[in-house]
Amino acid sequence: MQVLSVTPEIFPLIKTGGLADVTGALPIALAAKGVSMRTLMPGFPTVMAAFKKKKAVLQYPLLQGGKASVHSVQLAGLELFVLDAPHLFDRPGGPYGDASGGDWPDNWRRFAALSQVGGDIAGGAISGYQPDIVHAHDWQSAMTLAYMRYGKAVGVPSMMTVHNLAFQGQFGAGIFGELGLPAAAMALDGVEYYGGVGFLKAGLQAAWAITTVSPTYAQEIRSPEFGMGLDGLINMRSSDLYGIVNGIDIGIWDPETDKHLVSNYTAETLDARTPNRAAVEARFSLEPDGSPIVCVVSRLTWQKGMDILATAVDGIVATGARLAILGSGDAGLEGALLAAAARHRGRIGVVVGYDEALSHIMQGGCDAIVIPSRFEPCGLTQLYGLRYGCVPVVARTGGLADTVIDANEAAVSAGVATGFQFAPNNGGALLHAMRRLVDAHADPAIWKSLQRQGMKADVSWDKSAEKYIELYRSLLSKRVA
Ligand SMILES: Nc1ncnc2c1ncn2[C@@H]1O[C@H](COP(=O)(O)OP(=O)(O)O[C@H]2O[C@H](CO)[C@@H](O)[C@H](O)[C@H]2O)[C@@H](O)[C@H]1O
């Protein structure tokens, strides 16, 4: 089976969030089960720089305003089609915006181009390569499914995975004429969305199957509270909607071999976490003592509940726990957390920025990780936490609810608990969970059991890759002969 994945990000080449982790790990997990996944992605500068030998397999004299070509390349076990379109992707800054964080005004054009190429490849534009299934991720590649539906690849099964419904790619109606789609596409059951063009909406409408990254989030997005305006459409398509929980790359995230750690360890050698803990204390200027260090590794945003955390920090310090916070995002939240660190020197440390290596050391040295998200399609940092014996404290929502077993009395006495859940998501409930954590941490037997149970949890891609394959197969069986 040949699957074409279309994505704006892929680890280890370019990552702004969990989407890259997933699109980078899934092809490797599928390959182990005999399914070949190739990935089409934009040729951002870091991506183009990673390849010396380029082989153009498709040329465009004119693609959304300039010359473009598609290169077939291999890296780190990944089979890639890289879209080299310098007028769209060769820029400084991030994949979606300039260095100051503002979105590129032509993002619609950039990701329409990526999607148009996805649609062309699905329709057989690359000689010798015909995907059986096309799998698109988030709004940046969602239009692939519209180009397929209104083009040659209408008979090729497609899947739309929603990693975050909050980002929808909504643009004014004025762009429609430049998309190269037939006039009929500008319709309620096409790409039209509230009078403009909706990229994610178009993908949800055209997909043969819709998936999101946990069963609970798949249910949540059917409600107005979580549906972000798309709940009506999602409900209409509920018979094609599936929730498949993310896994993590257990080769990259392995405390026994992780090169970023000061000290490697296993569930049997948890004491060997101590040097990592000392490294966290040093990096975050925390007073060294026996109290639990609770970490945050996150985008600092409303989605992630960082404002809720900011209001609860004084109370958290009063429980005796220390906080080590790594993140970047909303300037107001960065300021609030830095102010909290200034108020509680030695008890709260904040590093503003994005630091992959430090995030590994934190998982390997902190006692717990707190994730107070308002909504969380899956969440990966709690999975890293489970694997590293860094006990997750999570809001009971989306994938967080699906992957952490709350340390209630029954679960503790049965020895199956792996973390703490709290609801509703507010400062009071968060603080209550923190007090439970501090109490549990004071009992070494309970704490070790939480860590070891978490480390035993299957957070690999194994089962979820099987589920994707099952779904791919069911879509193939729906093809008209
Ligand atoms: N400052 C920092 N320094 C270093 N690393 C940092 C960092 N901030 C975040 N990270 C890393 O970025 C990733 C974020 O993963 P999340 O699951 O929280 O995803 P995100 O919300 O980006 O994506 C969406 O897609 C993913 C994938 O489907 C879903 O799990 C999720 O719920 C959904 O919101 C993790 O690998 C984390 O370690």
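Counting convention: from 1, in listed order, for ligands and their atoms alike.
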Close approach of Tyr217 to ligand 1, heavy atoms, under 4.0 angstrom: no
Short N or O distance, Gly17 and ligand 1, threshold 3.5 Å exclusive: no
Main chain of Pro95, side chain of Arg110: is a donor-acceptor contact present, judged purely on distance under 3.5 Å? yes
Any idea which part of Asp21 is under 4.0 Å from ligand 1, heavy-atom wise: side chain, backbone, both or neither? side chain
Between the candidates Gly18, Gly379, Ser373, Gly385, which shows the shortest non-hydrogen contact distance to atom 30 (O) of ligand 1? Gly379
Which option wins on minimum heavy-atom distance to atom 16 (P) of ligand 1: Lys304, Gln363, Arg299? Lys304
Heavy atom to atom 1 (N) of ligand 1, shortest distance: which of Gly353, Ser328, Ser214, Ala20 holds it? Gly353
the protein heavy atom lying closest to atom 24 (C) of ligand 1 turns out to be His163 O, 3.5 Å
Between Leu358 and ligand 1, which part of the residue brings a heavy atom under 4.0 Å of the ligand: side chain, backbone, both or neither? neither
Which class fits the ring pair Tyr388 and His360: parallel under 30°, tilted 30 to 60°, perpendicular over 60°? perpendicular
Check: Ser100 main-chain N/O paired with Asp98 side-chain donor or acceptor under 3.5 Å: yes
Starting from atom 12 (O) of ligand 1, locate the nearest protein heavy atom and write down its residue, its atom name and how far away it is, to 0.1 Å. Lys15 CE, 3.6 Å
